[in-house]
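Notes to accompany the following structure.
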Amino acid sequence: MTDDVLKGYRKSIDNIDAALVCLLAERFKVTQAVGRYKAGTGLPAADPGREEQQIARLRQLALDAELDPEFSEKFLRFIIDEVIRHHRAAAET
């Protein structure tokens with residue numbers, strides 16, 4: 001049995017997931033360039049002040065969008081941690 005309503009929802013979810021992956025890929029291209037820049041100029045891999053500003057900003061965006069701000073912070077923290085890992089690797093090369 002095919003449920004066309006569920007199939008339509010799943011197609012939308014699949015499209016959103018594809019867009020998320022493409023957006024993350026673009027974001028990481030930029031953050032990798034930042035990592036190379038930081039490594040070349042001797043800047044530290046992490047910027048705790050900037051990270052806290054971003055988290056606060058995205059928590060507010062989440063609230064405005066009716067998304068759980070705790071979830072959005074966990075998601076952003078995961079991304080930030082990965083970016084810092086890339087920046088540290090760039091500094092080592």
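Given the structure is predicted, the values throughout are model-derived calculations rather than measurements.
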Problem set entry | Same apolar cluster (I L V M F W Y, side chains within < 4.5 Å links), L58/I55 | yes
Exercise. Can you tell if the side chain of Y37 reaches within under 4.5 Å of the side chain of L43, non-hydrogen atoms only?
Worked result: yes
Exercise. Closest heavy-atom contact between A39 and A91?
Worked result: CB-CA, 3.7 Å
For this session: Answer yes or no: is there an ion pair linking R77 with E52, defined by an N-O contact shorter than 4.0 Å?
Result: yes
Problem set entry | Nearest-0.5 Å distance that lies between atom NZ in K11 and atom NZ in K7 | 9.5 Å
Exercise. Is there a side-chain contact between H87 and T31, using heavy atoms and a 4.5 Å cut-off?
Worked result: yes
Problem set entry | Close side-chain approach of L24 and V21, heavy atoms under 4.5 Å | no
Problem set entry | Residue pair L6 / R10, side-chain heavy-atom distance below 4.5 Å | yes
Problem set entry | Side-chain heavy-atom pair I84, E51 within 4.5 angstrom cut-off | yes
For this session: Measure the CG-OH distance between D14 and Y9 for me, rounded to the nearest 0.5 Å.
Result: 15.0 Å
For this session: Using only heavy-atom distances, determine whether the side chains of Q54 and R57 contain a donor-acceptor pair under 3.5 Å.
Result: yes
For this session: Answer yes or no: is there a side-chain heavy-atom contact under 4.5 Å between L67 and L61?
Result: no
Exercise. Looking only at atom types and distance, does a side-chain atom of K38 sit under 3.5 Å from a main-chain N or O of A45, one as donor and one as acceptor?
Worked result: yes
For this session: Would you name the heavy atoms of A62 and P69 that are closest together and state the gap between them?
Result: CB-CA, 4.0 Å
Exercise. Measuring from R50:CZ to I80:CD1, what's the distance to the nearest 0.5 Å?
Worked result: 8.5 Å
Seminar exercise, completed: Sorted by chain and residue number, the side-chain hydrogen bond (donor to acceptor under 3.5 Å, both in side chains) partners of E92 (sequence neighbours excluded) come out as none
